[in-house]
Structure formats: C-alpha cells, structure tokens
Amino acid sequence: MQIQKPRGTYDIIPSEINKRKYVEDTAKKVFSNFNFSEIRTPTFENTQLFKRGIGEETDIVSKEMYSFSDGEFTLKPEMTASVIRAYLENSLYNEAPLQKLFYISNMFRAERPQKGRFREFSQFGAEAIGSGDYTIDVEIIALADAILKALGVTEFTIKLNTLGTIEERKVYLDELRKYFKQHEPVLSETSKVRLEKNPLRILDTKNPEEIKLLENAPVLYDFLNDATKTHFQNVLSSLDALNIKYEVDYKLVRGLDYYSHTTFEFISTALGAQSAILGGGRYDLLVEMLGGKPAPAIGFAAGIERILILLEEKAKEKHFTFPEEPRLNLYIVNAGLKDNTKIQKLLLSLRAAGIKCESDFLSRSVKSQMKEANKLNAEYTIVIGESEIETGKGKLKRMSDGKEISAELGRIYDDIMLFEEISNKQNAD
RNA sequence: GCGGAUAUAGCUCAGCAGGUAGAGCGUCAGAUUGUGGCUCUGAAUGUCACGGGUUCGAGCCCCGUUAUUCGCCCCA
C-alpha cells in the first residue's frame, strides 16, 4: 500500500492552484483597500495560549486540538488568540491606538471531516484591536461583505446578534438556568452539561424538542442595558445606511468563549451541513485575558474551502469562471540539436526579460514538441535546428492563427513585440 | 467519539447466475522529408482498496481492516 495523506487533509495540485490563488489574491486586495495590514504567526503555539484564549470548555480546546511534546505545544486551531498574542508580544498597541490586521493561514482541528470541513483547513480573517466604537464593528462587517462580493460569492445571509457584556449576561444566564432547570428532563445529555458550564450554547441546539423549549425561554436582549442596545442599534442602522442586508437572530451564539456584544455569521444557502462560511464578533475581554492592558477588539474568520465549494458549484453552472494562470509566451522547439545549450541560453535571456518560455527536455520529435506547445497554450513557437543556429535566423510562429515572421535569434523579444505591432496595425486598418 | 453510503486504469464510470476485466476522456506514438489545433490508426497503465473466509473457481457472496464520503456533535 502506498502512503496516503492524513485524514482530513488535501493536496492542491497544479491544475487547481489557480482557484485558491484567486481567493487569496482577491481577499488580499480588498484587505489592502480597507487598509488592513497582514500579520503572520507561527504554525504552533504554547497550548496554554489556546486554553486561555479560546476557553477550556469549548469543543475546540476540549477535544479538537493537535498537541504534541507532551501537550506543551499545539497546532493553531484558529488565529485570533495568536494574533492577540503577537499584538501584545510585539507591543503593537504602542505603534498606533487602532491596529487593523488581517491573515490568511491554515489551521488544524482534529474533527471528523465532512463536506466543507477538514483537519487542516484555511481561513482568511481580520482583527481590529483598540476600538470599542460601533463604527469599527460596521467596518469589519462591511469588509467581510466586500470580500465575499469581490470573490463573486453572493448567495449568503448575514446573521447578527449581540451578546452584551459579561455582567449583563450573568443576570440573563441565571434566568436561563432557572428556566431550563424546570424542563431538565427534556434536555439532551450534552445540553445538561452545558446547563452547568455554558447555558448560552443550549440556544444553539438543533434538537426539535429543545427548540420548542426555546420559544418561551428568556431572551438575552431583554436583559441588556441601554448602552449595549444603543451600540447594537447603531451597528444595525449603519448597515442599513450602507445597504448591507442582514437578519437579527437573537439565538445566534458562537462556539468560542471570548465573544461579547456584536456577533455575526455569514450563512450560505448552498453548502449542506457546514453552512457558515464566515463568522466573527467582538471580543472586548480577550486582550486582558491574555495578559495585556485591556483593549476592545473585533474580528472575523472565513473558511476558504467552503468559499471554494461555493465558487466551484457556480463555475460548474457556468455562472462563474476562475482566472487562469498566465499563458506561456513562447515555446522553443528543438529540431534535433544535440547540444541544447544555445537554446537554454536563449531561454535564460528571454526569461530574464520577463518572457514565460519553455523548450523540450525529452528529446522528442518536432511534431511532439509542437503538440506540447499547443497543449501549453503557448502564444508563439520557434523551431531551432542546425540551420537556424548557423544563420542566426528562424521563423517565429503565432499559434492563434499560424502566421509566421522571420526573426533573429538574438532579438526574439523584439520580434515578438514587432509581431504584435504589425498585426495590431493590420487589425486597425 | 457515534451513525449511513461507497471503494474497478490518471479522471468519469460499466461489468456478472460467481469463470482471473472493459468504454469514454486523458496520456504517449504514428498518418513521407523539421511545425500544433480537427480527423484517423495504434500503444501503455489495473496485485478490480487491503487481509481473511466460502467455493473447483470471487472484482462480484461473507467477515475484518483501512480509506473516502455524507450526516450527528461543533465550527470557518
């Protein structure tokens, strides 16, 4: 048996790489337009960072981490904790009061793979650290929205909620606990555990009986104070003004402990069980939890594989095409030269001039090389054999229409330019 | 961690009452002397996922393993 890739991982072969590049490049462009700066952090961190930053009781930390060296280190399961750690460790707060950071990176979670879920997966995301102003909430949501739209992803719904502050939530959680205690027999085993540790997450249940229970459960929003409500309403009215459509979902809770105030998810209608393509929210306490001077922050992360699934489906239905890699400019056919250093010399000078070019390395026939040039979608070909070497001249052929002009081997670059010029003129006439 | 489905050439798949495999696409090579795309001709490639069992005989039946996939949990 051959060795296979580990479960939940994938190879990106050359014929597929353009898709991923498209997503990454598009995201980068939009991040840059929003004046977010890229940050990169190590692939693994001290396990303690995630335990403190994400929360011991979360699924990610309690059962999905890839840890090694006796648990000392862990492959990063998400980026936010790492970014905050780097923000603190490099004292970025001293460089500017507001840091707008973005990342594109792979993550690791030991989950059971299924559609749109892998053990090694990629996210792009942003973190804005230093502002508690609602305007940055809007900026972050608008940024996420802009990237998806720039990518050509349109079939999604933005769901918004506010989780308030810890103090507000405390009061609410007591009420919620009381409510669920009354109905404890109906609760599932996992919900019973959550009742003790994090009752908020029961709101996230998919169990039909529990959903029924939720209808009469106390609603968090009723327990929030005016400042919190105003913050949230300001976010909503700004989004209205920006023409960004959303749905408020008071049952939207997120799986990570650090969220407060605004939270959101971008849900696709076309993805199956893993419908969230992007998620995020405000986390005003995380910086302090990780040992820094308190700083409010908000961020999001988007699943690249899930976005790719959506785009691939659109491409299949011809509603979308991925950009291709730049084509080969020139293929030099070796017509029986045993010593190919002359050709390689040519290749080198052309490549140095920015021409993407290729020749034969299999000693194949002229015909085969022409076929190869055609397969590679080369713009031009030139056949070089003994006589071309002697005369220093050859015939430059344009593959799109088969036209040829004579070219000097010493100045193929110029001849290609000349070719374009001549035919442009002809087209103009 | 728990359920369901699947596992035949690089890809998509066919195969049968159980008699040691086929198509299309792709790849490669040819169709007169050093020139592609269309067409035609030909070729290569499979321990039919792995291990065991039933049988005179298994890709096809049974068991196990592994992998893939969809779902539960949770998340991007």
Side-chain angles (χ1 to χ4, degrees), chain A residues 1-10 13 15 23 54 57-64 77-80 104-125 144 148 156 188-191 193-194 198 201 204-207 253-256 264-268 271-280 299-310 328 331-337 360 362 364-388 394-404:
Chain A
M1 275 279 268
Q2 280 185 40
I3 296 174
Q4 296 174 300
K5 65 185 183 305
R7 167 178 288 180
T9 63
Y10 52 83
I13 57 177
S15 56
V23 173
I54 302 174
E57 300 306 330
T58 59
D59 280 18
I60 291 179
V61 171
S62 62
K63 62 178 197 192
E64 294 172 3
E78 60 116 47
M79 273 296 277
T80 303
I104 299 176
S105 181
N106 41 188
M107 323 279 162
F108 307 85
R109 309 223 284 233
E111 300 181 272
R112 198 65 180 266
Q114 64 189 69
K115 187 173 186 181
R117 184 163 74 195
F118 301 90
R119 289 186 165 181
E120 179 175 5
F121 62 103
S122 304
Q123 294 183 333
F124 62 79
L148 292 180
F156 61 82
S188 64
E189 283 310 307
T190 50
S191 286
V193 175
R194 285 182 192 154
N198 190 355
R201 289 180 58 203
D204 213 18
T205 186
K206 276 158 197 154
N207 181 320
V253 292
R254 316 228 53 249
L256 311 178
F264 52 88
E265 261 177 32
F266 289 40
I267 309 287
S268 161
L271 257 184
Q274 311 307 319
S275 58
I277 51 177
L278 187 151
F300 77 82
I304 291 181
E305 291 78 12
R306 292 184 186 176
I307 289 170
L308 280 171
I309 290 171
L310 294 177
L328 191 71
Y331 188 100
I332 299 180
V333 175
N334 179 340
L337 289 177
D360 167 75
L362 294 168
R364 297 209 281 187
S365 69
V366 169
K367 185 186 201 126
S368 292
Q369 292 182 54
M370 284 303 291
K371 278 188 179 172
E372 179 72 6
N374 192 59
K375 208 172 77 184
L376 294 171
N377 196 21
E379 272 180 282
Y380 291 92
T381 53
I382 186 166
V383 177
I384 296 182
E386 294 298 347
S387 64
E388 283 80 7
K395 274 183 270 172
L396 187 64
K397 177 172 186 173
R398 185 164 63 188
M399 297 298 275
S400 58
D401 55 10
K403 281 185 183 158
E404 292 182 324

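Chain naming here is simple, since letters A, B, ... match the order of the sequence lines and numbering starts at 1 in each. Heavy atoms only: backbone and side chains are in, while hydrogens, waters and symmetry mates are out.
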Donor-acceptor contacts under 3.5 Å from residues 366-373 of chain A side chains, at least two apart:
| residue | atom | partner | partner atom | Å |
| --- | --- | --- | --- | --- |
| A:S368 | OG | A:S365 | OG | 3.0 |
| A:Q369 | OE1 | A:N334 | N | 2.8 |
| A:Q369 | NE2 | A:N334 | O | 2.8 |
| A:Q369 | NE2 | A:R364 | O | 2.8 |
| A:E372 | OE1 | A:R364 | NH2 | 3.0 |

- Message: For a stem of at least 3 consecutive Watson-Crick or G-U pairs with distances under 3.5 Å, i pairing with j, i+1 with j-1 and so on, which stems involve RNA chain B?
- Response: B:1-7 with B:66-72, B:10-13 with B:22-25, B:27-31 with B:39-43, B:49-53 with B:61-65
- Query: Between B:U68 atom C1' and A:Q4 atom CD, what is the distance in whole Å?
  - Reply: 9 Å
- Note on the structure: The residue, A:F266 or A:V366, whose nearest nucleotide of RNA chain B is more 5′ is A:V366
- Query: Between A:Y10 (OH) and B:U69 (C1'), how many Å, whole number?
  - Reply: 17 Å
- Any chance you could list the contact pattern along nucleotides 27-33 of chain B? Use B for base contacts, S for sugar-phosphate-only contacts and - for none, protein heavy atoms under 4.0 Å, 5' to 3'. SSS-B--
- Task: Would you mind reading off the distance between A:D401 atom CG and B:G36 atom C1', rounded to a whole angstrom?
- Result: 13 Å
- Message: Test of understanding: with side chain to side chain donor-acceptor pair (under 3.5 Å), list the residues that count as partners of A:T80, not counting sequence neighbours.
- Response: A:E127, A:Y258
- Task: May I have the distance from A:E64 (atom CD) to B:A76 (atom C1'), rounded to whole angstrom?
- Result: 12 Å
- Message: By nearest heavy atom, map A:E305 and A:T9 onto RNA chain B; which one lands nearer the 5' end?
- Response: A:T9
Please write out the pairs of protein N or O atoms and N or O atoms of nucleotides 4-7 of chain B separated by less than 3.5 Å, giving the distance to one decimal.
none

- Note on the structure: Here the distance between atom C1' of B:G37 and atom OH of A:Y331, to the nearest Å, is 16 Å
- Message: Let's see if you can work this out: which of B:C73, B:A76, B:G36 has an atom nearest to the side-chain heavy atoms of A:K63?
- Response: B:C73
- Item | Residue list, salt bridge (Lys or Arg N to Asp or Glu O under 4.0 Å) with A:E78, at least two apart or on another chain | none
- A:F264 vs A:F300 aromatic rings, parallel, tilted or perpendicular, using cut-offs 30° and 60°? tilted
- For the atom pair CD (A:E111) and NZ (A:K63), what is the distance rounded to the nearest 0.5 Å? 8.0 Å
- Message: Any donor-acceptor pair, under 3.5 Å, between the side chain of A:N374 and the base of B:G37, if you only look at N and O atoms?
- Response: no
- Message: Using OP1 and OP2 only, check whether a side-chain N or O of A:R117 sits under 4.0 Å from B:A76.
- Response: no
